[in-house]
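FYI, side chains are in, hydrogens and waters are out, and symmetry mates aren't considered; it's all heavy atoms of this structure.
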Amino acid sequence: MKLASARLAIEGISHSVDGGRFAAKVVTGQPDLFQADVFSDGHDIIAAALLWRRTGEERFDEVPMVFLINDRWQASHVFDQPGDHQIAFAAWRDLFATWRKEISAKHAAGQSIALELTEGRQLIETALGSRGRANTKDKAALKALLKQDDALAKEGDAERFAALTGPDVAELMTRAAPRTDLTQSEILPLHVDRPAAAFSAWYELMPRSQSGSMERHGTFDDVIARLPYIRDLGFDVLYFPPIHPIGRTNRKGPNNSLTAGLDDPGSPYAIGSQDGGHDAIHPELGNFDDFRRLIHAAHDHGLEIALDFAIQCSPDHPWIKEHPEWFDWRPDGSIKFAENPPKKYEDIVNVHFYRDALPGLWYALRDVVLFWVNHGVRIFRVDNPHTKPFPFWEWMIAEVRRVDPGVIFLAEAFTRPKVMKRLAKVGFSQSYSYFTWRNHKAEITDYLTELTQTDSRLVMRPNFFVNTPDINPRFLQSSGRPGFRTRLALAATLGGNYGIYNGYEICEAAPVPGKEEYLDSEKYQLRVWDMDQPGNIQDDIRLMNRLRRDHPALQQFTDLTFHTARNDQVLAYAKRAGDDFVLIHVNLDPHNVQTFQFEVPLWEFGLPDDASIEVRDLIQGNSFTWHGKNQTLELDPDTRPYAIWQLIAPGAPRP
């Protein structure tokens, strides 16, 4: 009976997403902890292992699991290649380890162990036989062990006991003995990303505004000239909104005006004109040779280019004539433009994904992404993915990753929580989040706890953008320079991924009155930026990105813990990776000095409340000692609204 053979229970699997319907996510080069509850009836010693393989392979590799507490077992493994994988857990009764434990207890109590020695010898003989798992080398060792036992029979039980229960024999039998009542869990999917999916710093700009003049449209060469500045700030991803031809029909003017002048550039999201569609470049930016030079120049500066993948079209897009069946038409024969009442997007029309558009549109969109992958782009920010079908994303992302498993997709979906999470499940590597609107201590704590401590951590990697061309947060509109520094510190140290839209470094905050939108937004016009003007926060940005690079603790996301700061305007939290322990305090009030008592988390180092610990100020670079758990600090938002400390455990290597 198959049911009878599954004697052990394997439950509570850490990386199971909806029972294996979707893949959990890890990254290459970082150890990940895999856990499960493993137990059986009775008191026999059991053993367990993590099984893993690349999807499509037949044989599993194996990682031994260790017992933690309360039937919880754990294995650590580092994956070295991105792509789709499978994992499972196996468990079995270890009869030799059980025998070794029982005979050792009887021997220590002075009881007779003659029969037990015979039982142990029989277990070794079984391992040597056809039911065992011994290779040629192990078989030779088992035969030698039996021969030694024969010789020791003349010496006595104590000598045989010592020979059969030694650690070398235990290790040999772990490898060679049959696995009694071997039970395997269900096989689960696991996606392994490259590290940039979990740790990246994004800088967003519009290439057309990089010329330094309102009279000249920017080019890719202008962007190349900006690369040293962006890299000096410490970013590693440079992201562009759409770079495709822009339609003329219903083109928008400055500040989203319905009337555009002849020289107004229009919204880059109105994709498509007589110059081409999603696989073309806006002529004023340059050509594909120019784009190729940009890709290479960015690489030389340690930057990756990320492109916007926006599935929408200008009424002038070539697809409308070539594939009218991909679009919605009104009863009067006019094409239906995009709406999100009360907002209207007269310069944009949407495709639909079913009816006569399936499968042609799906293949066309997949091929657009692969087209840009072939031109050196491996990161895509996807515009409004929550308005497109989940099955499409699951299929398309899998298709692209079959070609290049290192491609990263960021979901720009500010929508309902379950929808955002579903997009992460179907394959998106990163996700926009509600961080932009989480300003108070309780809501930040609750939201980050949800992201890092619930099952969301298995699939959803947030990218904490502090602003975007679409979002000028109300907090920034009213908080001045201190607020920009506060939100930067939170985004850069709370998140593994974070990003800024250019202008943030000069505290750009002029809004459309009453809205979370930028006045004179470069979504609808060219802009000239002076990033070196007084009051800029470039030094803060450089500091945050340097600390992120230098400290493994800040490169993690789910290791976040919140700590006590006795002031509702101050957030205290820490991250840890091995010996690297970083403690952060942030004043959430951009207008007032905040004094507060806080707890030094001495317990994290096994220290009592009255102990001392060495502290390094990661901003100033000096070191000192905190004595005792309770300390007091003042944070002045006009001086610096945050403090970042490294706590150095006794005996740990000094930085």
Quiz prompt | Separation of F89 CZ from E186 CD (nearest 0.5 Å) | solution = 9.0 Å
Self-check item: Candidates T180, D44, T98 - the one meeting side chain to side chain donor-acceptor pair (under 3.5 Å) with R93
Solution: D44
Self-check item: Heavy-atom side-chain contact between D193 and V26 under 4.5 Å
Solution: no
Quiz item: Side chains of H563 and L583: closer than 4.5 Å at any heavy-atom pair?
Solution: yes
Quiz item: Just by distance, do the side chain of Q555 and the backbone of R548 share a donor-acceptor pair under 3.5 Å?
Solution: yes
Practice problem: Decide yes or no for S200 and F235: does some side-chain heavy atom of the first lie under 4.5 Å from some side-chain heavy atom of the second? | Solution: no
Exercise. Apply salt bridge (Lys or Arg N to Asp or Glu O under 4.0 Å) to K101 and list each qualifying residue two or more places apart in sequence or on a separate chain.
Key: none
Quiz item: Tell me, do V459 and S431 make a side-chain contact under 4.5 Å, heavy atoms counted?
Solution: no
Quiz item: Where do Q430 and R461 land on the side-chain hydrogen bond (donor to acceptor under 3.5 Å, both in side chains) test, with the steps shown first?
Solution: CA-CA 5 Å; Q430 300 178 9; R461 300 192 191 103; over 6 Å; no
Exercise. State which residues pass side chain to side chain contact (heavy atoms under 4.5 Å, CB included) with A114; sequence neighbours excluded, sorted by chain then number.
Key: S112, D157
Quiz item: Does D84 pair with R401 as a salt bridge, N-O distance under 4.0 Å?
Solution: no
Practice problem: Taking the side chain as every heavy atom from C-beta outward, state whether L410 and I379 have any pair of such atoms under 4.5 Å apart. | Solution: no
Practice problem: Kindly determine whether L190 and H15 satisfy side chain to side chain contact (heavy atoms under 4.5 Å, CB included), including the steps that lead there. | Solution: CA-CA 8 Å; L190 183 77; H15 286 64; 4.0 Å; yes
Practice problem: Please answer whether the main-chain N or O of V600 pairs with a side-chain N or O of E604 as donor and acceptor at a distance below 3.5 Å. | Solution: no
Quiz item: Looking only at heavy atoms, which two atoms of F557 and P462 are closest? And how far apart?
Solution: CZ-CG, 3.4 Å
Practice problem: Assess whether side chain to side chain contact (heavy atoms under 4.5 Å, CB included) is satisfied between L647 and W626, documenting all intermediate values. | Solution: CA-CA 9 Å; L647 276 55; W626 276 333; 4.0 Å; yes
Exercise. Would you name the heavy atoms of F96 and A170 that are closest together and state the gap between them?
Key: CE2-CA, 4.2 Å
Quiz item: CG/L618 to OH/Y642 distance, rounded to the nearest 0.5 angstrom?
Solution: 11.5 Å
Quiz item: Does the side chain of V369 reach to within under 4.5 Å of the side chain of F380, using non-hydrogen atoms?
Solution: yes
Quiz prompt | Check ion pair D61-R59 (N to O, under 4.0 angstrom) | solution = yes
Quiz item: Is there a donor-acceptor contact under 3.5 Å from the side chain of K425 to the main chain of A23?
Solution: no
Practice problem: Inspect the surroundings of NZ in K441 and state if more than 12 heavy atoms from other residues, nucleotides or ligands are less than 6.0 Å away. | Solution: yes
Quiz item: Between the side chain of R133 and the main-chain N/O of R179, is any donor-acceptor distance below 3.5 Å?
Solution: no
Self-check item: Audit row: F79, D32, side chain to side chain contact (heavy atoms under 4.5 Å, CB included) steps and yes/no
Solution: CA-CA 9 Å; F79 291 89; D32 212 271; 5.6 Å; no
Practice problem: Check each of R160, K154, K143 against D149 using the salt bridge (charged side-chain N to carboxylate O under 4.0 Å, His left out) test, and report the only one that passes. | Solution: R160
Quiz item: For F34 and H77, what are the C-alpha separation, side-chain angles and deciding distance, and is it a ring-ring contact (aromatic ring centres under 6.0 Å, His included)?
Solution: CA-CA 8 Å; F34 297 83; H77 184 63; 7.2 Å; no
Quiz item: Backbone N or O of L494 within a donor-acceptor pair of the K575 side chain at under 3.5 Å?
Solution: yes
Practice problem: Before accepting this row, confirm whether a basic side-chain N of the pair E443/R438 lies closer than 4.0 Å to the acidic partner's carboxylate O. | Solution: no
Quiz item: Nearest 0.5 Å, what's the CZ-CZ distance between F428 and R381?
Solution: 11.0 Å
Quiz item: Under 6.0 Å from the six-membered ring centre of F596 and within 45° of its axis: does the NZ or CZ of R566 meet both?
Solution: no
Self-check item: Sub-6.0 Å ring centroid separation between W202 and Y498
Solution: no
Practice problem: Measure the acute angle between the ring planes of W395 and F392, then classify it against the limits of 30° and 60° as parallel, tilted or perpendicular. | Solution: tilted
Quiz prompt | Any donor-acceptor N/O pair, R100 side chain to T165 backbone, under 3.5 Å | solution = yes
Self-check item: CA sep, side-chain torsions, deciding dist, call: F199, Q556, side chain to side chain contact (heavy atoms under 4.5 Å, CB included)
Solution: CA-CA 8 Å; F199 180 71; Q556 308 296 320; over 6 Å; no
Quiz item: Can you name the closest pair of heavy atoms from A643 and L633 and give their distance?
Solution: CB-CD2, 4.2 Å
Quiz item: Hey, does R549 have a side-chain heavy atom less than 4.5 Å from the side chain of N545?
Solution: yes
Quiz item: So, the side chain of R72 versus the backbone of G12: is there a donor-acceptor pair under 3.5 Å, distance only?
Solution: yes
Quiz item: How long is the span from the CH2 atom in W99 to the CD atom in E102, to the nearest 0.5 Å?
Solution: 10.5 Å
Exercise. Quick one: sort the H85 and W52 rings into parallel, tilted or perpendicular, breaks at 30° and 60°.
Key: tilted
Exercise. Assess the pair F465 and Y432: is the distance between their ring centroids shorter than 6.0 Å?
Key: yes
Quiz item: For the rings on H585 and F598, is their centre-to-centre separation under 6.0 Å?
Solution: yes
Exercise. Output yes when a side-chain donor or acceptor of D71 lies under 3.5 Å from a complementary backbone atom of D37, and no otherwise.
Key: no
Quiz item: Can you name the side chain to side chain contact (heavy atoms under 4.5 Å, CB included) partners of D610, sequence neighbours left out?
Solution: P608
Exercise. Measure the spacing between CZ of R457 and OG1 of T452 and express it to the nearest 0.5 Å.
Key: 9.0 Å
Quiz item: Which is it for F435 and F464 under the ring-ring contact (aromatic ring centres under 6.0 Å, His included) test, yes or no, and what are the steps along the way?
Solution: CA-CA 6 Å; F435 168 79; F464 289 162; 4.6 Å; yes
Quiz item: Measuring from S76:OG to L33:CG, what's the distance to the nearest 0.5 Å?
Solution: 5.0 Å
Quiz prompt | Side-chain heavy atoms of Y573 within contact of T445, under 4.5 Å | solution = no
Quiz item: Is a side-chain donor or acceptor of T564 paired with a backbone partner of E599 at a separation under 3.5 angstrom?
Solution: no
Quiz item: Can any side-chain N or O of D181 pair as donor or acceptor with the backbone N or O of W92 at less than 3.5 Å?
Solution: no
Self-check item: salt_bridge(R21, E394) N-O dist < 4.0 Å
Solution: yes
Self-check item: For the student: nearest non-hydrogen atoms of A572 and A565, plus distance
Solution: CB-CB, 3.9 Å
Quiz item: Any salt bridge between R194 and E304, counting N to O under 4.0 Å?
Solution: yes
Quiz item: With a distance cut-off below 6.0 Å to the six-membered ring centre and an angular limit of 45° from the axis, does R576 pair with F605 as a cation-pi contact?
Solution: yes
